[in-house]
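This report concerns only the one structure given below.
In what follows, chains are A, B, ... by sequence order, proteins preceding strands, each numbered from 1. Predicted model, so just to flag it, every value in this text is computed and none were measured.
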Number of protein chains: 2
Amino acid sequence: MTRTRLTAEERQAQLIAAAVTAFSQSGYAGTTTDQVARLAGVSQPYVIRLFRTKQELFLAAVQHAGDRIEAKWREAAERDPSLGGLGDAYGELLAQPELVTMLLHGFAAAGDPAIGDPVRACFGRLYEVVRELTGATATEARDFFAVGMLLTCLGAMRVLGPDAVPPQPWSADLLGTFEGLDKKMS
Amino acid sequence: MTRTRLTAEERQAQLIAAAVTAFSQSGYAGTTTDQVARLAGVSQPYVIRLFRTKQELFLAAVQHAGDRIEAKWREAAERDPSLGGLGDAYGELLAQPELVTMLLHGFAAAGDPAIGDPVRACFGRLYEVVRELTGATATEARDFFAVGMLLTCLGAMRVLGPDAVPPQPWSADLLGTFEGLDKKMS
DNA sequence: CACGTTAGTTATCGACTGATAACCTGTCAA
DNA sequence: TTGACAGGTTATCAGTCGATAACTAACGTG
């Protein structure tokens with residue numbers, strides 16, 4: 001078994017992907033740099049070497065999640081530049097909720113100013129991108145993000161998505177309101 | 001300085017209040033049982049003695065937040081049993097976002113099944129209470145909670161509430177859509 | 001006033017975790 | 001060949017944190 005040697009850039013990209021997976025499950029404080037390292041198949045000190053601190057690794061993961069969501073929306077807008085089109089794209093993201101849950105953990109950790117500032121910038125950019133792509137009014141965009149946040153929370157709660165728990169009366173009731181909106185729900 | 005001696009019940013109630021304050025700032029993994037203990041003016045081992053584990057303390061705090069929010073809604077419904085009435089009540093809660101942020105951290109920590117189950121039960125109960133109190137349809141209740149989740153996330157992000165950061169163009173734009181809905185925003 | 005019960009503390013431990021330092025090794029150009 | 005740089009590891013530490021054990025002190029009651 002020869003250890004595959006990658007460039008620092010490639011390794012960083014791989015580690016950021018691993019960080020998104022790990023942090024989206026247990027959040028900032030609940031995730032170990034060693035867990036991220038093992039996911040990528042490298043040693044824990046090397047993770048620190050490449051990102052300096054756990055915090056910078058976390059911020060890189062938040063940034064990556066924001067970038068991927070923005071890219072998804074831009075791609076969707078090329079076919080259907082309406083809120084409905086972006087909503088469908090968001091529904092597809094929720095089938096693999098890593099990215100959106102990562103963002104939620106960014107919100108949750110925003111109490112620390114060093115994390116809050118980049119997280120707000122990331123969310124603000126997403127808001128502006130949606131308005132720019134769809135031409136929606138502020139109120140329309142607000143309702144769009146409102147539903148998005150609800151779905152994101154439901155995903156984190158395991159009411160929704162691949163790791164969803166058996167439905168309860170209330171959750172079936174609530175999810176039923178999204179009929180015709182979910183395309184690729186597992 | 002004579003240490004005030006309380007009954008276990010009173011001390012538990014006091015500790016739960018302290019736990020809500022502490023956990024709502026740093027989340028489950030990011031908060032120390034010692035921080036909760038200091039907030040209540042007791043020793044850390046005594047917190048563990050009263051709640052057995054950190055996890056049970058956290059769950060008690062989540063439960064308490066859910067109960068308080070439910071009580072607030074029931075009280076509001078006596079005056080105005082409409083979604084608008086409950087929405088105003090929620091707006092008042094956001095002025096002191098401890099309770100709602102506590103709940104958000106419950107969602108974030110729901111990846112652990114031992115936490116997820118009670119958290120889902122808590123949220124499900126709130127959903128049913130809203131529908132029962134207002135007679136709203138599932139879709140109306142969904143939109144109500146959607147906006148609530150957005151506001152909760154914005155509070156956690158310090159876009160909203162007492163610890164809010166200076167507004168950005170996008171946040172002013174977004175918050176502007178709530179004009180006429182915010183009564184007691186600080 | 002003795003005495004059991006309840007409230008609370010101090011001391012301490014074992015496990016964990018982020019970070020540092022020192023070292024190793026494959027690759028490539030001269 | 002050699003040597004230097006970039007990728008990566010092992011060893012290790014200092015601090016932290018949840019939890020346990022043993023002890024102390026106040027209260028109420030017969």
Name the closest nucleotide to the A:Ser43 side chain, picking from C:dG8, C:dG18, D:dT10.
D:dT10

Compile the donor-acceptor pairs under 3.5 Å between side chains in residues 164-173 of chain B and protein atoms, sequence neighbours left out, one pair per line.
| unit_1 | atom_1 | unit_2 | atom_2 | d |
| --- | --- | --- | --- | --- |
| B:Ser171 | OG | B:Gln168 | N | 2.7 |
| B:Ser171 | OG | B:Gln168 | O | 2.9 |
| B:Asp173 | OD1 | A:Arg131 | NH1 | 3.4 |
| B:Asp173 | OD2 | A:Tyr127 | OH | 2.9 |
| B:Asp173 | OD2 | A:Arg131 | NH1 | 2.3 |

Pick out the pairs of N or O atoms, protein on one side and nucleotides 2-4 of chain D on the other, that lie under 3.5 Å.
none

Residues in residues 45-61 of chain B with a heavy atom under 4.0 Å of DNA chain D, by number, are B:Pro45, B:Ile48, B:Arg49, B:Thr53, B:Lys54

Sidechain-backbone polar pair: A:Glu140 side chain, A:Thr137 backbone, donor-acceptor under 3.5 Å
yes

Those residues at least two apart in sequence (or on a different chain) that pass side chain to side chain donor-acceptor pair (under 3.5 Å) with B:Gln12 are none

From D:dT9, D:dG8, C:dG8, nucleotide with atom closest to A:Leu6 side chain
D:dG8

Tell me every residue that passes side-chain contact (heavy atoms from CB on, under 4.5 Å) with A:Glu10, counting only those two or more places apart in sequence or in another chain.
A:Leu6, A:Thr7

Rounded distance (Å) that lies between atom C1' of D:dT16 and atom CD of B:Gln44
11 Å

What residues, two or more places apart in sequence or in another chain, satisfy salt bridge (charged side-chain N to carboxylate O under 4.0 Å, His left out) together with A:Arg38?
A:Asp34

Listed partners of A:Glu132 passing salt bridge (charged side-chain N to carboxylate O under 4.0 Å, His left out), at least two apart:
A:Arg74

Under 4.0 Å from any atom of DNA chain C, heavy atoms only: list the residues of residues 10-34 of chain A that qualify, in numerical order.
A:Thr31, A:Thr32, A:Thr33

Contacts satisfying salt bridge (charged side-chain N to carboxylate O under 4.0 Å, His left out) that involve residues 144-160 of chain A (not counting sequence neighbours) are none

Mind checking what makes ring-ring contact (aromatic ring centres under 6.0 Å, His included) contact with B:Phe58, not counting sequence neighbours?
B:Phe23, B:Tyr28

In whole angstroms, how far is the C1' atom of C:dG18 from the CZ atom of A:Arg38?
15 Å

Who passes ring-ring contact (aromatic ring centres under 6.0 Å, His included) against A:Phe144, sequence neighbours left out?
A:Trp73

Going by the rule side chain to side chain donor-acceptor pair (under 3.5 Å), which residues pair with B:Thr152 if we only count those two or more places apart in sequence or in a different chain?
B:Tyr90

